[in-house]
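Have a look at the structure below before the remarks.
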2 protein chains.
Amino acid sequence: MTKSRKKTSDSILSPFDKGSYEPAYSQIANILKQHIRTGVFRPGDQLPAESELCRQYQVSPMTVRRAINMLVDQQVATAIRGSGTYVNKPEIGAANFHLQELQDFFSGSDISIKLLNVNIVKANEKIAAMLNTTVGEKTIHIRRLLKKELQPAFYHCEYLIYDPKLPTVETEMEMTSLRELFEGSGSNMIKRGAIVIKAALLTDEEAAILKVKTPMAAFYLEHTFYDFNDAPISWGYFVCPGDRLNFKTDVGIV
Amino acid sequence: MTKSRKKTSDSILSPFDKGSYEPAYSQIANILKQHIRTGVFRPGDQLPAESELCRQYQVSPMTVRRAINMLVDQQVATAIRGSGTYVNKPEIGAANFHLQELQDFFSGSDISIKLLNVNIVKANEKIAAMLNTTVGEKTIHIRRLLKKELQPAFYHCEYLIYDPKLPTVETEMEMTSLRELFEGSGSNMIKRGAIVIKAALLTDEEAAILKVKTPMAAFYLEHTFYDFNDAPISWGYFVCPGDRLNFKTDVGIV
DNA sequence: TAGTGGTCTAGACCACTTA
DNA sequence: AAGTGGTCTAGACCACTAG
């Protein structure tokens, strides 16, 4: 059954495929993870030393090192200099939630974005605070409704600094695809963004738009984007009823 | 090939400190990030080629390679083989939320955990489904109240498979520190966990315990832990009123 | 074809832990 | 003192992209 594509002496000591397109460091990391998964190495156990892995898989230290680094990056193990590398036990505190999954939530079919309205409005106190400007300053207010399979899924509300010199206006207004929405402006003037997830009650207006009954708990996904002078360019939030969205993740070996 | 410690030749071409305790690859990654931060490299721009960086900083390819990998891992840049490495633009979809911050939320002073009660209860349909067992099976029910600065912050509810053979019972019951709570059982029999964050309305009971008025939106942080046979060992959830907790993160260069 | 990123080697030296 | 992880070198070969 086995087809050794190498003629050198390996076979038993090199249980990974050097002819594969998967890099050796990745294969070694996956082998170790598989051993953890099947209980060969248990949480708290010490993994074989790097020198031992070098002998076992007949690769150079740098390669085995990179495999170990993968496990450490993935919070599968912890390396302690002078002591060893140890398997982590699953911790709630080690959980990470990736909003990439939100895009997956939408990816697929039957997604549409309805532009509810676009206005020039004067900033009230809240908006002025979030955009670090003064009350009464002109801002562009955009409201959108994201539908999945014809059902309202997300309500999006955004305020943009009104600056006739910038092309932001048209750029933002024309954003009708989810990808663009999630990526923000297509321009290269945005340096960074701050994202906050809150849980709060839907307002009556939002509930009406999203076609749900109050009281209803919802996720509020706030986003503020800053230019290269660290000045806010836009502030807004996505709203999604709590019964239509979860954030999931795993800890430990999956 | 003399490889003596050359005391010169760094100076201008090596704008990083070879004597520092910070590794060269890390320093180079930070220098590049600083350049992105200050707008020298903008989103969409191509970073200098690896060979160019090797010349510039007088380090080996592997070192520069690791610096680039750091930026790619941090979603600061994207490497395209045969083309180049390009600066990413900030995307909402690139946001990651780390529950580690939740521990920080609690870390510090004035944290207490009050054990509300521990009972042996028979699983109802919901519990049986989550623990993959049958209705009526014995489970251990634990309820805790986590306080910060004497104010109720989290309510925690957990169900454990009742197995007299396992030491889990005492282990879980005695968990009174937050660290233990977040790490789960101290044993090494847990292979993995599944974490879900939901937004929902507080029940009247929870609202009473947490001393808030209804209706109130709250985060529900569900956790299920599995043993090495992929059988659920415990299921439970943390509840926190929405006005007492946010999840924050950043995209782009911070 | 020239340039780019991706992998890998076979060592070296260092810092640290443990006994 | 022995063993461990952490960094780094100075090349090599490969796969891919673009002019």
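The sequence lines fix the lettering, A, B, ..., with proteins before strands; numbering per chain opens at 1. Computed over heavy atoms, backbone and side chain alike; hydrogens, waters and symmetry mates excluded. On a predicted model such as this, the values are computed, not experimentally measured, just so you know.
Residue-level contact check: B:R65 touches the bases, meaning some heavy atom is under 4.0 Å from a base atom.
Atom pair B:D17:CG and D:dT7:P shows a separation of 16 Å (rounding to whole Å applied). Between B:L71 atom CG and C:dG6 atom P there is a gap of 12 Å when expressed in whole angstrom units. Atom CD of A:Q46 and atom C1' of D:dG3 are 10 Å apart (whole Å). A straight line from CD of A:Q27 to P of C:dG6 spans 18 Å, rounded to a whole angstrom. In this entry the distance linking CD of A:Q58 with P of C:dG11 reads 12 Å, nearest Å. Rounding to whole angstrom units, CG of residue A:L47 and P of D:dG5 are separated by 9 Å. Across the protein-nucleic acid pair, B:L53 atom CG and D:dC8 atom P stand 15 Å apart, rounded to whole Å. Per the geometry, CE belonging to A:M62 stands 18 Å off P belonging to C:dC14, to the nearest Å.
Under the Watson-Crick and G-U wobble criteria, each requiring two contacts below 3.5 Å, nucleotide D:dG19 is left unpaired.
OP1 and OP2 of D:dC8 both lie 4.0 Å or more from every side-chain N or O belonging to B:Y25. The shortest distance between the side-chain N/O atoms of B:R66 and the OP1/OP2 oxygens of D:dT7 is below 4.0 Å. Residue A:S51 has a polar side-chain atom (N or O) positioned under 4.0 Å from OP1 or OP2 of D:dT4. Note on B:T85: every side-chain N or O is 4.0 Å or more away from OP1 and OP2 of C:dT4.
Side-chain contact check for B:L245 versus B:F154: some heavy-atom pair is nearer than 4.5 Å. Contact of the B:D110 side chain with the B:K147 side chain is not registered, since no non-hydrogen atoms from C-beta on lie closer than 4.5 Å. Within the 4.5 Å cutoff, the side chain of B:V251 has no heavy atoms near those of the A:L99 side chain.
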Name the pairs: protein N/O against N/O of nucleotides 15-19 of chain D, kept only if under 3.5 Å.
from   : atom 1 : to    : atom 2 : distance (Å)
D:dA15 : O4'    : B:R81 : NH1    : 3.2
D:dT17 : O4'    : B:G82 : O      : 3.2

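Between A:F247 and A:F219, the distance separating the two ring centers is shorter than 6.0 angstrom.
The residue among B:E50 and A:P61 whose nearest nucleotide of DNA chain C lies closer to the 5′ end is B:E50. Residue A:G84 is the one, among B:T63 and A:G84, whose nearest nucleotide of DNA chain D lies closer to the 5' end (criterion: closest heavy atom).
Using a 3.5 Å distance cut-off with no hydrogens or angles, the side chains of A:Q100 and B:N96 do not pair a donor with an acceptor.
When distances are taken from the side chain of A:A49 to each of D:dT4, C:dA10, C:dT4, the shortest belongs to D:dT4. If you check D:dG5, C:dC8, C:dA10 against the side chain of A:A79, the one that comes closest is D:dG5. Nearest to the side chain of B:P23, among C:dT7, D:dT7, D:dG5, sits D:dT7. Listed candidates were D:dT9, C:dG11, C:dC8. Nearest to the side chain of B:V59 is D:dT9.
Checked against salt bridge (charged side-chain N to carboxylate O under 4.0 Å, His left out), B:K198 has the following partners two or more places apart in sequence or in another chain: B:E222.
Taken from CD1 in A:I195 to CG in B:N246, the straight-line distance is 13.0 Å, to the nearest 0.5 Å.
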* **Steps toward salt bridge (Lys or Arg N to Asp or Glu O under 4.0 Å) verdict (B:K191, B:D227)** => CA-CA 5 Å; B:K191 179 168 82 172; B:D227 65 16; over 6 Å; no
